[in-house]
Amino acid sequence: MIKKILVANRGEVAVRIVRACAEMGIKSVAIYTDADRHALHVKKADESYNVGPDPVGGYLNAHRIVNVAVAAGCNALHPGYGFLSENPQLAEVCWRRDIVFIGPSPKAIREMGDKTLAREAMIKAGVPVVPGSEGNLKNVAEAVKLAKKVGYPVMLKATSGGGGRGIRRCNSEEELRRAYERVVSEATKAFGSAHVFLEKAIVNPRHIEVQVLGDKHGNVIHLFERDCSIQRRHQKLVEVAPSPQLTEDQRQTVCALAVRAAKTVNYENAGTVEFLFDQEGNFYFMEMNTRLQVEHTITEQITGVDIVQEQIRIAEGQPLSYRQEDIQRRGYAIQFRINAEDPKNDFLPSYGRITRYYAPGGPGVRTDAAIYTGYDFPPHYDSMCAKLTVWALTWEKVLARGRRALLDTGLHGVKTTKPYHLEILKTPEFREGRFDTGFIEQHPELVNYSIRRPPADLAAALAAAIAAHHGL
Ligand code: ADP
Ligand code: ADP
Ligand code: MG
């Protein structure tokens, strides 16, 4: 039985995991760096421990974190997403120290975390992959030769890449030659691996991914798909479940492919199989994320399954709480990633004090955030500051609810992507549910919104009153 969990993460996902623990009667333990002393996850967990002054390094030291888990009497660890979540070493250290790792086996993390190995495994299993490299590229000459064979445009990708980084589209041999060394050096710096591979670039693709759950008894089910085609620089901004762009047949096809992919690697715990969906209706396996994903909330809203609680039960060795036929989907959900960024200034991160925060509510509205009025949003981490998830029975209604909930959200002191999301919601493509990964690039005008602000003196008086109220 899992009795006490160390949450090896920060921000909204750490809060999310603490909430799951609280509902299951499990104690939670937070870790925090000096920069995160006043972070919400520290206040919400049952106990919390300082892991030092290095703002990022503190969350990346597997041995130290597991030492804290052992010292605090934890018998399990949840890695969240980002940081060490896809690092097989953390899973191994946990195993050696008798701490249950809430995630897949180190072997599955290794096999699927490496995009080249994952492609090979999928080819063997008969899951279609994007045409491209067999194994990693040896040099630029091999890249050029292969690109000629599959045809331009091509995508040059870091084998251990993630978070939209280490990917470059090349439209010609000249571009490929120029990009090669750059992607190799970026990959080495960001991911500690110089390995790169190449894929044909799918034209105007939709990003369709399937949430899967597997237990230790060989059962694997899917929780339907998410459409994450609204992306900026290969990073997701808005996610929708189910995809308004699939027929029921296409949905069954992609979900079955995902289950096959997960079964091939004996996958256990929660994972996501990502596909590209082309204009001819073909699905191509792209990668598998061997962890909880940022956008898991929309799947929870349409299926009613608490994915984090299910992860914990799976890690305990319990069989899945659901058979495939128990999973019913209902309505539509949209998640907006509200980032502390200025859309009008090339999405430059905007850090500083949150002078006022009011989380929206009402029917079908869920917020996952780790901010509060008076919180200093730190510059060291991801710029995502709140996730807004809305649910409604129909696509029409979820659009209206999204707009209402965004307008209902009060988030002041830093610039955010909230007004930008309102602009996305206005476009005919989004409203009609037909958009591909080129959407944001095709809509540079979305940054031309104007915000009505109270007169400067009134705003200053309000901020001062709030600060006084909180004793800041
Ligand atoms: P999701 O589909 O969950 O959004 P992302 O790939 O966008 O997945 O990653 C989620 C989080 O994890 C982001 O904060 C991202 O920056 C981080 N992340 C993902 N992969 C890596 C990686 N290989 N190295 C560092 N950070 C990563
Ligand atoms: P990450 O690990 O950073 O999430 P992915 O391999 O999942 O990297 O790719 C991120 C995004 O880049 C995809 O969602 C898609 O928009 C784009 N992309 C990746 N590969 C291709 C491809 N072969 N053709 C077209 N777009 C691609
Ligand atoms: Mg991806």
Side-chain angles (χ1 to χ4, degrees), residues 81-83 85-87 109 112-119 122-123 127-134 136-137 143 146-147 149-171 175-176 179 183 186-187 189-193 195-212 225-240 243 245 254 258 261 270-280 282-296 337 382 384 435-442:
Y81 58 72
F83 294 119
S85 61
E86 291 182 275
N87 183 322
I109 300 178
M112 293 312 253
D114 180 303
K115 294 185 186 190
T116 302
L117 290 181
R119 275 171 66 85
M122 291 306 111
I123 293 169
V127 175
V129 303
V130 185
S133 313
E134 278 171 40
N136 293 315
L137 292 165
L146 186 64
K149 198 173 122 204
V150 299
Y152 288 95
V154 295
M155 303 293 265
L156 192 57
K157 295 168 82 165
T159 304
S160 358
R165 291 179 305 156
I167 302 180
R168 193 72 50 91
R169 181 183 158 120
C170 308
N171 296 312
E175 281 184 26
L176 177 57
V183 173
E186 266 175 27
K189 255 186 248 145
F191 312 113
S193 154
H195 292 152
V196 295
F197 69 105
L198 181 148
E199 279 175 6
K200 186 171 176 58
I202 305 295
V203 181
N204 303 332
R206 272 70 48 87
H207 173 120
I208 305 288
E209 59 180 39
V210 180
Q211 176 72 56
V212 295
E225 85 284 6
R226 298 183 282 255
D227 189 323
C228 311
S229 303
I230 306 286
Q231 305 180 347
R232 182 176 168 274
R233 301 202 174 149
H234 311 303
Q235 278 181 313
K236 300 159 189 166
L237 284 181
V238 177
E239 303 97 345
V240 177
S243 172
Q245 329 210 46
V254 73
T272 297
V273 189
E274 297 191 334
F275 296 88
L276 289 175
F277 180 51
D278 74 9
Q279 288 167 306
E280 284 75 49
N282 303 302
F283 291 103
Y284 302 96
F285 170 86
M286 190 164 46
E287 66 157 342
M288 181 164 191
N289 290 324
T290 55
R291 55 171 163 86
L292 183 70
Q293 257 178 309
V294 176
E295 58 273 22
H296 74 280
R337 296 193 191 190
D382 211 278
M384 193 174 73
F435 40 81
D436 59 46
T437 60
F439 175 88
I440 294 297
E441 222 172 307
Q442 287 149 20

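Atoms within a ligand are numbered from 1 in the order they appear, just like the ligands themselves.
S229 is listed as a side-chain neighbour of Q245, based on a closest heavy-atom distance under 4.5 Å.
Interface atoms of ligand 2 facing T437, defined by a heavy-atom separation under 4.0 Å, are 16 (O). Close approach of ligand 2 to E199 is summarised as follows: ligand atoms under 4.0 Å from at least one heavy atom of the residue are 20 (N), 21 (C), 22 (C), 23 (N). Residue G164 approaches ligand 2 through these ligand atoms, each under 4.0 Å from one of its heavy atoms: 1 (P), 3 (O). Close approach of ligand 2 to E287 is summarised as follows: ligand atoms under 4.0 Å from at least one heavy atom of the residue are 1 (P), 2 (O), 4 (O), 5 (P), 7 (O), 8 (O). Of all the atoms in ligand 2, the ones that sit under 4.0 Å from a non-hydrogen atom of M155 are 18 (N), 21 (C), 22 (C), 23 (N), 24 (N), 26 (N), 27 (C).
When the heavy atoms of Q231, E86, K115, M288 are ranked by distance to atom 5 (P) of ligand 2, first place goes to K115.
Side-chain atoms of R206 never come within 3.5 Å of backbone atoms of D227 as a donor-acceptor pair (strictly under, hydrogens ignored). Put simply, the side chain of S160 never gets that close to the backbone of D114: no donor and acceptor are under 3.5 Å apart. Under a 3.5 Å cut-off, the side chain of R119 and the backbone N or O of S133 do form a donor-acceptor pair.
With a 4.0 Å heavy-atom cut-off, ligand 2 is reached by the side chain of E274 but not by its N, CA, C or O. Contact annotation: for I167 versus ligand 2, heavy atoms closer than 4.0 Å belong to the side chain alone.
Among the backbone and side-chain atoms of E274, an N/O/S atom is found under 2.8 Å from the Mg ion (ligand 3).
In terms of polar-atom proximity, defined here as any N/O pair under 3.5 Å, G163 does make such a contact with ligand 2.
Between F283 and F275, the ring planes lie perpendicular to each other; the angle is over 60°, past the 30° to 60° tilted range.
The Mg ion (ligand 3) lies closest to atom OE2 when only the N/O/S atoms of E287 are considered.
Ion pairing between E186 and K157 fails under the 4.0 Å rule for side-chain N and carboxylate O. We find that R169 and E175 are not joined by a salt bridge, their nearest charged nitrogen and carboxylate oxygen being 4.0 Å or further apart.
Ligand 2 has at least one atom lying under 4.0 Å from a heavy atom of K157. Assignment of K200 to the shell around ligand 2 is supported, since a heavy atom sits closer than 4.0 Å.
Side-chain contact of R226 with T272: a donor-acceptor pair under 3.5 Å is present, judged by distance alone. A donor-acceptor contact under 3.5 angstrom links the side chains of Q293 and E274, judged on distance only.
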